[in-house]
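It should be emphasised that the depicted structure is a prediction, and the values quoted were computed from it without experimental measurement. Reminder, nothing fancy here: chain letters follow the sequence lines and each chain counts from 1.
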Amino acid sequence: MDEELTYVNDAGLRLDGRKVDELRPIKITPSVLTRAEGSCYLEWGRNKILVGVYGPREALPQHIQDPTKSIVNFVYRMASFSVPERRNPRPARRDIEISMVCSNALERALLVNRFPNTKIDIFTYIMDSNAGTRVAALTAASVALADAGIPMTDLVSSVAIGRAGGTLITDLTKEEEDAPDAVDMAFAMLPNTEEIVLMQMDGEITKAEFDELVELGSKSCKKVYEFQKDALKGKFKQNDESVN
Amino acid sequence: MDEELTYVNDAGLRLDGRKVDELRPIKITPSVLTRAEGSCYLEWGRNKILVGVYGPREALPQHIQDPTKSIVNFVYRMASFSVPERRNPRPARRDIEISMVCSNALERALLVNRFPNTKIDIFTYIMDSNAGTRVAALTAASVALADAGIPMTDLVSSVAIGRAGGTLITDLTKEEEDAPDAVDMAFAMLPNTEEIVLMQMDGEITKAEFDELVELGSKSCKKVYEFQKDALKGKFKQNDESVN
Amino acid sequence: MDEELTYVNDAGLRLDGRKVDELRPIKITPSVLTRAEGSCYLEWGRNKILVGVYGPREALPQHIQDPTKSIVNFVYRMASFSVPERRNPRPARRDIEISMVCSNALERALLVNRFPNTKIDIFTYIMDSNAGTRVAALTAASVALADAGIPMTDLVSSVAIGRAGGTLITDLTKEEEDAPDAVDMAFAMLPNTEEIVLMQMDGEITKAEFDELVELGSKSCKKVYEFQKDALKGKFKQNDESVN
Amino acid sequence: MESDSALWELKKEKVLAKMRENKRIDDRDFLQYRDIKIEQGLFQNAEGSCKVTLGETVVYAGVKMVPGDPYPDMPDEGTISVLAEFMPLASPTFEPGPPSKESNELARVVDRGIRGGKCLDSKALCIRAGEKVWVVFIDMYIANDGGNLFDAGSLASVGALLNAKIPKYEDDKLVQGEYSGDLEVKTLPILTTCAKIGNTIIADPSLVEEKAMSARFSATTLEDGRICAIQKGGAYSFTKDEVKRIMDISMEKGKELRNLLR
Amino acid sequence: MESDSALWELKKEKVLAKMRENKRIDDRDFLQYRDIKIEQGLFQNAEGSCKVTLGETVVYAGVKMVPGDPYPDMPDEGTISVLAEFMPLASPTFEPGPPSKESNELARVVDRGIRGGKCLDSKALCIRAGEKVWVVFIDMYIANDGGNLFDAGSLASVGALLNAKIPKYEDDKLVQGEYSGDLEVKTLPILTTCAKIGNTIIADPSLVEEKAMSARFSATTLEDGRICAIQKGGAYSFTKDEVKRIMDISMEKGKELRNLLR
Amino acid sequence: MESDSALWELKKEKVLAKMRENKRIDDRDFLQYRDIKIEQGLFQNAEGSCKVTLGETVVYAGVKMVPGDPYPDMPDEGTISVLAEFMPLASPTFEPGPPSKESNELARVVDRGIRGGKCLDSKALCIRAGEKVWVVFIDMYIANDGGNLFDAGSLASVGALLNAKIPKYEDDKLVQGEYSGDLEVKTLPILTTCAKIGNTIIADPSLVEEKAMSARFSATTLEDGRICAIQKGGAYSFTKDEVKRIMDISMEKGKELRNLLR
């Protein structure tokens, strides 16, 4: 398409002025809904995501219950108007896959063995999108889970990393994802133990690039983690204030 | 289409050189899968069919259970690439009907009353097709049931019979099924008692032809039965050898 | 379309010769089916409707049961050939809405609290249609419920009222529904207490017209009620005769 | 159904007991059909319609004709579609929802009889070769299940075709409510069903006889004595002699029923 | 839900008890709406968007405009489609999956108000007569169920239309991200809902009031005082006087809410 | 499954016990694959077909090529579709019905490898720019689940592509049974999967090892040593060092498996 675009200029800046390892602006607001047990509204670049959490609650119908643990049910959906071409509201195959890998990513952080026969529902809706929706949804999800007071060993922080115009970069925009040599890797980590809980990749890279991306992902997740902590501190601070 | 084709020549031979009552080559291999309790791979002319059997096992959900007998659940499916035009993998109305009549055909041979509240699952997949798939699947199914050691009073042997170019013939090919005057009858029998357990027909025939077809079907089923027995003998022979 | 049509002429007569508050011919025959517990065939103008009723019977699956009352399950369906353009037999969104509001309309008349954990099924099929099918189906439904001997405080009588060519009229035909200024209001009442149990409207009206329509609806429902009573009397009379 | 099953078991026993005395539960002859009533032209929006009452069984069939695309390999031939809706009012055991396998079987057997018997001339259903052909939709609605839905449904379907008109189609548009003529029906395929109860073959099984039967055999026959569709059903078997005899019955009964349509 | 039902039963009792003292559970006046907040233009990929907060209730609506085929009988008119998704995060009782009948009703009532009130000029949505027209998709996403989803959803839908732009369409193609102008909104249909609790009529029922109500009545009204859609819901009844009175309330409340949109 | 779960629990324990002795349950080396058998060209109706036997695992893949419409934004490029059917005969726990999420994942991971690795030249699949392109359907049928369906399914898919011919397309029609040439395969993307059991990384997990593993990591690699798709699965985590090491394993094992295809 735009093969002549310069994705990173001589000053090391990207099309939107960011440095190669710089995140887009992130704004996280927990506790935005009253019915859900935990919730979060996250703006990440032009992505806007709403998350609501319920559980642990009885897993129904009964035959899906696991007597050894709580089922983590992360659901990823896109609003029909969240993409340039209207999207059929029924879940696409992509949505089902994302829901599955993100459920897996969260399970590591949740103390699922404490709650046999239950499930923890995490409903995430992409209301507006511009690249990196799954990592944004996953990032918002752990905030909503914390908001719900569901016990976790750590948050899950997530970010997309990849390549555009030959350079490895963090947090790609849609424009960068459309680069002719684009590589897009969804990455999630428990920030305190550096355990990788999500990794998916499209595009072609060398082993050296892979190794570098893993480090970039890890570094970027820690930045995301700061936003999550701040959001939750803000919340708990507010709570403290409201107690006084 | 090909109204000028001579379906049976002066020497009494058909387009593929067979005699009117001759079967296409049949090759039956039981025990081809390790997970299924019984299985069979059958090649019949250009038809290739894979069958796996489970049961009697608990029929679920519970409300489908029959306290008087085991439910025979024959499932007929076609692989998407088993026909000239790609087939949608979802079951077609034709598949549902074939599954129903073949379930009925097998029930007569199975001692269903011995296993109340259970079901016997027979999954048959057409991997490649050239006319007569349902009778081939039914023929393979009883071998797989025997392979699973599920008690039966008899095997079920099955064959297609019909008419092309004015002559009654056995085991039609696709080319013969496309004859302008084609008649296609699916026929299945318990070979030892000559009990007819499946009969379906398309096309127009006279009563005299019908009577003749019934005899041709019966005779041909007995030939099919020999292939089934040989396949199972081969299997049990092998087993004997492996015991020594 | 036909903007020049005179919907009500100088003599106060409509396109089909009816007066503004006159109903089309109505013919109600209860007890037309033997398997259903109650049934009714209704012809109303060119609408032809078949209704069958079952219940109160156990509501299944169990989780839908309401321990405080019987679930009223009115189902509205249109035969594929009941409209000018063939209709897909699957229920449309319109059918689902009509089923819901008509279930509500009947619940008021049924002594639902007497039959906890059960449901009352009322299946209505439009076999031929010409405007006003939902009110015809609802009218037929209470006759079928009475035929089934299900206890009710009152029948539900129903009628469409509206506007065509500037005049408020009762029981619109398809032609009148297509008037450029058409208003169509579905209306149902318990005729003895004048309680309104169904009201839906499309089109634009003034408050004065609304008030007038409510009165017209109420008046017309009472006429419909007479047809219902006569039909049921005919039935019970017949029963008396057959006793002798 | 659960709560009724004991009742049906009793009724079934009665059928079998009577059968042992060589009698049917309703005292019909073994090969006698129940009373049949055929009503055509009931519905204005259907191109053709027919209601068949066969004993307690009631089936409606309606025909709609819709301009559609031809199949690439048959550019000048119209197509037909046959469906059956088991209305949940027809039996306490019928459930709303997608077609059951029983409904699928009924529709497909009726379809094969009409198609195999060349009831309609598919080339006459061509509007413009390679572009537009008539799709003939035949939809059965089962209103009361009193047994032998096959024969009642098939009869209603052919009855609706006999009653059908072809809509006017002008300037690539359907003219609603106007017709260009009658749909031509070339043959009258008649489906007749026999049931095997014990070792006895009976025609036109009623619902309770269906509960007692071990297998059924259906055949569609034509005016000229030919057979154009066959379907064996049920979990039990027939002997060769039985199926040959049933085929004779089918032709005889086919004639009887065909006369009711004319 | 099961485990909550006793709790809701208690809450419902409180509503009724307060009502007997002529008071609402949240001390609102009988005809008073909860606080309303309207935010428009939230999402860049939507042609128009709006979030409505009505007390605890939160609804998002988004508009997408897609070039599509006209209906054969209306070759020069655009079409609209209205859907509602009850996001399972909005209530512990909402379940993922195909639209519920409640969601279907909400969408259809909002649809009728917009259509019946001629909110959009369907002829202005024609791109090329007989070939291409705009399909206006209005999709509601219920984010928090605090009761009276009808009024919140309708308001959000009209709010999103008011905020919508028409995409640029050139050489038979949509130019992503560019717009040819604003979508013209001709009228502002406002849906207002009253509930009947005991014999009292209240406006804007909250969730707990919906549990306590016996019936509801919704009407969509226009600037000029006309009524363009009506829907009675719930299992109980209204008297003739009640519906006439509610219609007066609807017009008054319609004005109030309409002012918030401008 | 229920009744089996105790049995699986036992087997799983055995895997773990052996692992503590630094051994695999079947005595393979940690990075050793089970025996692999590749059979191509099995089915006449498929444009290409391949059966892969990997230990007990058996997967069939078939290719069908269908003329279809191009995407508006890629008018001169063919498209591919990858699906996986978990045949219910392959495992007592597979159920008939719509694709499970496991089947969806398998298909999507194989799809990304083939697409990301530019295995096919999408422009070579153009029949007539903007009008007709080839749609390449790759359908996997899982016949026996012995573990590691990813690697077996991916290998079978590429094997079927290598074996595929392009149907003859003349005068806007497919000529059934005739071919215009072989489908050109540009690269051989090979998917390899490692599992983590305890802290040990093993290649090609068998079914029982899958029950015992805490997480898996799959990568698709190409001839030139590049990685073209990655998927981490399972509920547990990997360290940074582990994923880097697994990537080395993937390349090595990729070479091994690729040699079997040639």
Side-chain angles (χ1 to χ4, degrees), chain C residues 1 63 65-69 71-72 84-85 91-101 103-110 112 153-154 156 178 182-190 193-215 217-219, chain E residues 1-2 5 9 71-74 81-84 98-109 111-113 115-118 187 189 196 214-222 224-248 250-251:
Chain C
M1 294 270 179
H63 69 81
Q65 295 185 356
D66 186 327
T68 71
K69 64 177 186 177
I71 297 165
V72 179
E85 287 208 43
R93 294 175 60 204
R94 173 180 174 272
D95 302 356
I96 294 165
E97 188 194 5
I98 292 178
S99 298
M100 189 184 194
V101 295
S103 295
N104 280 337
L106 286 172
E107 184 169 337
R108 174 70 188 117
L110 289 160
V112 290
T153 59
D154 201 348
V156 170
D178 289 340
V183 168
D184 178 31
M185 183 189 282
F187 188 93
M189 212 171 68
L190 305 196
T193 55
E194 292 199 335
E195 290 176 77
I196 298 168
V197 289
L198 174 86
M199 194 184 281
Q200 291 186 290
M201 193 204 72
D202 291 330
E204 291 171 281
I205 54 169
T206 63
K207 176 61 172 31
E209 286 174 316
F210 175 82
D211 289 357
E212 225 180 298
L213 280 182
V214 169
E215 297 302 331
S218 168
K219 204 175 74 177
Chain E
M1 184 104 199
E2 299 295 289
S5 61
E9 212 48 49
Y71 288 115
D73 52 338
M74 295 182 296
S81 155
V82 181
L83 288 175
S100 63
K101 56 190 183 181
E102 286 78 15
S103 146
N104 177 66
E105 188 192 21
L106 166 54
R108 285 183 59 82
V109 170
D111 185 323
R112 281 206 293 274
R115 218 179 279 267
K118 301 195 175 71
T187 66
K196 181 170 177 174
S214 59
R216 70 170 143 70
F217 200 98
S218 303
T220 309
T221 54
L222 297 170
D224 63 6
R226 278 183 304 162
I227 306 146
C228 64
I230 290 173
Q231 182 90 342
K232 182 254 163 185
Y236 207 79
S237 61
F238 289 94
T239 66
K240 292 192 283 181
D241 286 346
E242 280 170 343
V243 298
K244 290 175 188 172
R245 198 187 136 224
I246 287 172
M247 208 50 64
D248 287 324
S250 287
M251 296 215 217

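- With respect to chain C, the highest number of heavy-atom pairs below 4.5 Å among D248(E), T239(E), V109(E), L222(E) belongs to D248(E).
- No part of M189(C) comes within reach of chain E, as not one of its non-hydrogen atoms sits under 4.5 angstrom from that chain.
- Rounding to the nearest 0.5 angstrom, the gap separating the CZ atom in F210(C) from the CE atom in M251(E) is 8.5 Å.
- Both the backbone and the side chain of M199(C) come within contact range of chain E, each with at least one heavy atom under 4.5 Å from a heavy atom of that chain.
- By the 4.5 Å heavy-atom criterion applied to side chains, K207(C) and K244(E) are counted as neighbours.
- Proximity to chain C (any heavy atom under 4.5 Å) is shown, for E242(E), by neither the backbone nor the side chain.
- Considering only heavy atoms from C-beta on, I230(E) comes within 4.5 Å of M185(C) through its side chain.
- For the atom pair S237(E) OG and N104(C) CG, the distance stands at 11.5 Å (nearest 0.5 Å).
- Of the listed residues (K118(E), R112(E), R115(E)), just one forms a salt bridge (charged side-chain N to carboxylate O under 4.0 Å, His left out) with D202(C), and that residue is R112(E).
- Of the listed residues (R108(C), E194(C), E107(C)), the greatest number of heavy-atom pairs within a distance under 4.5 Å of chain E belongs to R108(C).
- Atom-to-atom distance recorded for S218(E):OG and Q200(C):CD is 11.0 Å, nearest 0.5 angstrom.
- Only the backbone of L198(C) comes within contact range of chain E, judged by heavy atoms closer than 4.5 Å.
- With hydrogens and angles disregarded, a donor-acceptor distance shorter than 3.5 Å links the side chain of N104(E) to the backbone of R93(C).
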Starting from the C-alpha separation in whole Å, work towards a yes-or-no answer on side-chain contact (heavy atoms from CB on, under 4.5 Å) for V197(C) and Y236(E).
CA-CA 7 Å; V197(C) 289; Y236(E) 207 79; over 6 Å; no
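- The environment of E85(C) atom CD is sparse: at most 12 non-hydrogen atoms of other residues, nucleotides or ligands sit within 6.0 angstrom.
- Taking chain C as the reference chain and counting heavy-atom pairs below 4.5 Å, the highest number among Q231(E), K232(E), R108(E), E105(E) is found for R108(E).
- In this structure, C228(E) SG and E204(C) CD are separated by 6.0 Å, a value rounded to the nearest 0.5 Å.
- The line from CD1 of I227(E) to CD of E209(C) is 8.5 Å long, rounded to the nearest 0.5 Å.
- For chain E, the option among I96(C), I205(C), T206(C) with the highest count of heavy-atom pairs below 4.5 Å is I205(C).
- Contact annotation for S218(C): only side-chain heavy atoms (C-beta onward) come within less than 4.5 Å of a heavy atom of chain E.
- Of the atoms belonging to V101(C), it is side-chain heavy atoms, and not backbone ones, that fall under 4.5 Å from chain E.
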